[in-house]
Each structure stands twice: as structure tokens, then as C-alpha cells.
2 protein chains.
Amino acid sequence: MLLDKLTRKQEIHQTAAKLFNEMGFNAISMRDLAAELDIKASSLYNHISSKDEILSDIILNIGSQFTEGMLAIVNQEEDVITQLEQLISLHVGIVVDNPDAIGCLNNDWKHLNPESKSRLVKMRNDYEEQFRRIIKRGIVESKIVNLNPEVILFSLLSTLRSMNIWYSKKGSDDVNELTRQVKSILLEGVKVK
Amino acid sequence: MLLDKLTRKQEIHQTAAKLFNEMGFNAISMRDLAAELDIKASSLYNHISSKDEILSDIILNIGSQFTEGMLAIVNQEEDVITQLEQLISLHVGIVVDNPDAIGCLNNDWKHLNPESKSRLVKMRNDYEEQFRRIIKRGIVESKIVNLNPEVILFSLLSTLRSMNIWYSKKGSDDVNELTRQVKSILLEGVKVK
DNA sequence: GTCTATAGTGCGATAGAC
DNA sequence: GTCTATCGCACTATAGAC
């Protein structure tokens, strides 16, 4: 957070992410966005070239953060459980810094223009494929339970991807404690043995 | 599935759920919906009174299914782990029968009219509160790990609520096997002990 | 860099013929 | 029960003054 040092364009992106997250890309008009910034809709076009471009900028920026985070984790070649813990930390970290933008990514990626959408879908597929490989290696090495890797992947990703909703609603005084508990629940389960 | 015995109104609801789920309520026009049914937009209004009403009907119907399912489970007064397993089965069952409507509920509830939205939010709050009580009782009885119940609730609900995405994408030859694996992953975790 | 004014398009919904 | 025609409105985006 570079407090108060945002350019007008960054300010537009930040406010747009907040509004898009609250009501969805299609439900927010350029007039709504402008009003939130105390200017007229036409004035926005001195800083951005289209509504479309705002959405692409917000979403692809987040996509890149996940892509780079995953790359760093797989390059470290730690054991499987450590890599899963690092993935959980990666998600928590990105959610805490960009809860609104994560909401846009989750809910409005379908409304990206065709070019941006295809870039995002490629990023997401690559991300999921790396995640899948970690899980499969874990199963082979008997570190991960021998269930359908797709079901395991789906279950972990569901919680990680929707953490923004919960984090925005409840907040968290202690992000480290939240991370610790999510790691425990996802990896060890909720049932007492 | 009463094959081919749908009324025109039910046909509209079913098609609308499919399209809303694919692109979002605001991205689908009455002209789009009508075209999918091979009629003109104005003809829709002989069967429904507004676009708004279609969304309310789709979402509140699903909300009622969860409310009734939860009621049946808490009334049975089984032990905590059994109740959690029954909740997982409830979600899988509803997802399998109504994947599109679940997508509408998850993504478009914000676009309900004020009255329908307030009914849905009440249903959802009641549902979550019952779920929370089960978890808290489990912790007291040492059947559930002693972590923040909100984090446990969030983690379980995240997976259950987004199961429609994964189910629509991958399908499942064997719903019972899917249910068994989700129960194992959520309750026992993914890590080999 | 923001404004007013407006072009051009698509929206939900209604009226009335058949 | 479906159609054609249309109303009134909101939308994204541009032009041009200041």
C-alpha cells in the first residue's frame, strides 16, 4: 500500500475492483465508477481506454501473481507437504493484499474480452496442472491419500479460491494464525483421530 | 426429470438457469433467453411476469431444498460425524440434480430484488448457523479438532458450495464414489498419517 | 483533466393483431 | 401463445469547450 501515492489510473483500478467485486462487472456502469471517484464518466476516458481494459488489467495482474508464486514453489523442489503448505501461504498472502481483485477474478473472468480471457485460461490451466502434479507425486510417494487426484485438487482449490469472501467478511487479526489453521484443516482434516 | 413433461414456464426456468449459470444474470437478455427457446422475447411474458421473477424462482427453490435438507438432518439427532456426512451427501445430491441453479444461487443472488434477497439471506444465515452449531458441538465432544469453528465452517462450505463447477466440468460416473471421496478428504484430510 | 452534450446501441417491458 | 412494433430508458464511448 503506497498510501496516497496512487496515480489516477491506479485509483480507477482499485475503485473498480471494489465495485466489480461487490456487484459484478456487468452491474457497474461507467457512471457508477465515475461517481465513486467524484468525477463524470467521460473523464475516466482520459486515463483508461475502455471499461473492458479495466477488467483485463485487474484480473491479469492477479493471474500473474499466482503464476509467479507457483513457479517459485515448484522451482524450490521441497517435499510435497511443504509445497502444499507453501501453496496455501501463497493464496492467503495474495487474498490478504487483493481481496477485491480476487473477487473479480473468480466472478468476472467470463466477461474478459476474448484475448484476455484466453491468456487467463492458459494461466489458470498451467497453475492447475502444476498443482495436480504435486498431488500426484504426493500419492506416488505415499505422502498424500490415495484418492482421485482431481477430487483432491478440486477440494483444496475450492477453499483457497473462495478465501477472499470469508476474509473480507470476517477479517483476521492474525494472518499467520489463519494460515496455520487452514493448513491444518486442509491437510489433516477436521475429525479427531 | 419428468422427461418432456415440462410446462412452458418450467422450460423457461430451466433454460434461464443454464444461461444465467454460463454467463451471469446481467449478461443474459430476455432476447437471448427467448432465442434459446426459439420464440420472441415478448412471448416470454405470457408465462412469466418479469426477468426478475425468473431469478427469484430459480434461487429460492434451491434455497428451500437446502433449508429442508438441513432441518431433516438436525431433527435426526445423530452423532456429529454422521451429521457432517449427511450434510455432505445433501450438498452432493442437490448439486447433481440442479447444477445450473446452484450456479445461479452462488453467483447471482446479489441481483435478486430486495424482497427475495432478504428471504434468501435469512435462509442462508439459518443454514450456516445450524452448520456452525454442529461444528461447535463436535469440538465440545472432542469429535472435531479444536480450531476456530468459523475457519472450519468456511473451509467445508467452500468445497460444498463450489462442487457444481467441478461436477459440471468433470461429471461423475459414480456419484456414490464421489460422495465417499469428498467425505474422506473433508473429514480426514489429504495427508497420510 | 474535467466538463456538457450527444451519438449509437441494446435493454425490459407493453400494446394489440392474429 | 406467438407475433410485430414500439416506448422509454440506460449503457459505452466520443467530440469539443474550458
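Everything numeric here is computed off the predicted structure, so don't read it as measured data.
- The side-chain hydrogen bond (donor to acceptor under 3.5 Å, both in side chains) search around Lys51(A) returns none, not counting sequence neighbours.
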Please list each protein N or O that sits under 3.5 Å from an N or O in nucleotides 16-18 of chain D, with the distance.
none

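- Under the ring pair (Phe, Tyr, Trp, His ring centres under 6.0 Å) criterion, the residue pairs touching residues 23-57 of chain A are Phe20(A)-Phe25(A), with sequence neighbours excluded.
- Annotation: side chain to side chain contact (heavy atoms under 4.5 Å, CB included) contacts of Ala17(A) (sequence neighbours excluded): Ile58(A), Asp100(A), Cys104(A).
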With a 3.5 Å cut-off and sequence neighbours excluded, list the donor-acceptor pairs that the side chains of residues 65-74 of chain B form with protein atoms.
{"from": "Thr67(B)", "atom 1": "OG1", "to": "Gly63(B)", "atom 2": "O", "distance (Å)": "3.0"}

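- Within residues 110-119 of chain B, no residue approaches DNA chain D, by heavy-atom distance under 4.0 Å.
- For the side chain to side chain contact (heavy atoms under 4.5 Å, CB included) test, residues two or more places apart in sequence or in another chain that qualify with Arg137(A) are Val80(A), Gln83(A), Glu141(A).
- The salt bridge (charged side-chain N to carboxylate O under 4.0 Å, His left out) contacts involving residues 8-22 of chain A comprise Arg8(A)-Glu11(A), Lys18(A)-Glu36(A), where partners must be two or more places apart or lie in separate chains.
- Judged as a side chain to side chain contact (heavy atoms under 4.5 Å, CB included), and not counting sequence neighbours, the contacts of Val175(A) are Val92(A), Val96(A), Tyr167(A), Thr179(A).
- A search for side chain to side chain contact (heavy atoms under 4.5 Å, CB included) contacts involving Ser158(B) returns Thr159(A), Ser162(A), Phe154(B), not counting sequence neighbours.
- Judged as a salt bridge (charged side-chain N to carboxylate O under 4.0 Å, His left out), the pairs with a partner in residues 107-122 of chain B (not counting sequence neighbours) are, in order, Lys122(B)-Asp126(B).
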Within the sub-3.5 Å range, which N or O atoms of nucleotides 9-12 of chain D have a protein N or O partner, and how far apart are they?
{"from": "dT12(D)", "atom 1": "OP1", "to": "Met30(A)", "atom 2": "N", "distance (Å)": "3.4"}
{"from": "dT12(D)", "atom 1": "OP1", "to": "Lys51(A)", "atom 2": "NZ", "distance (Å)": "3.1"}
{"from": "dT12(D)", "atom 1": "OP2", "to": "Met30(A)", "atom 2": "N", "distance (Å)": "2.8"}

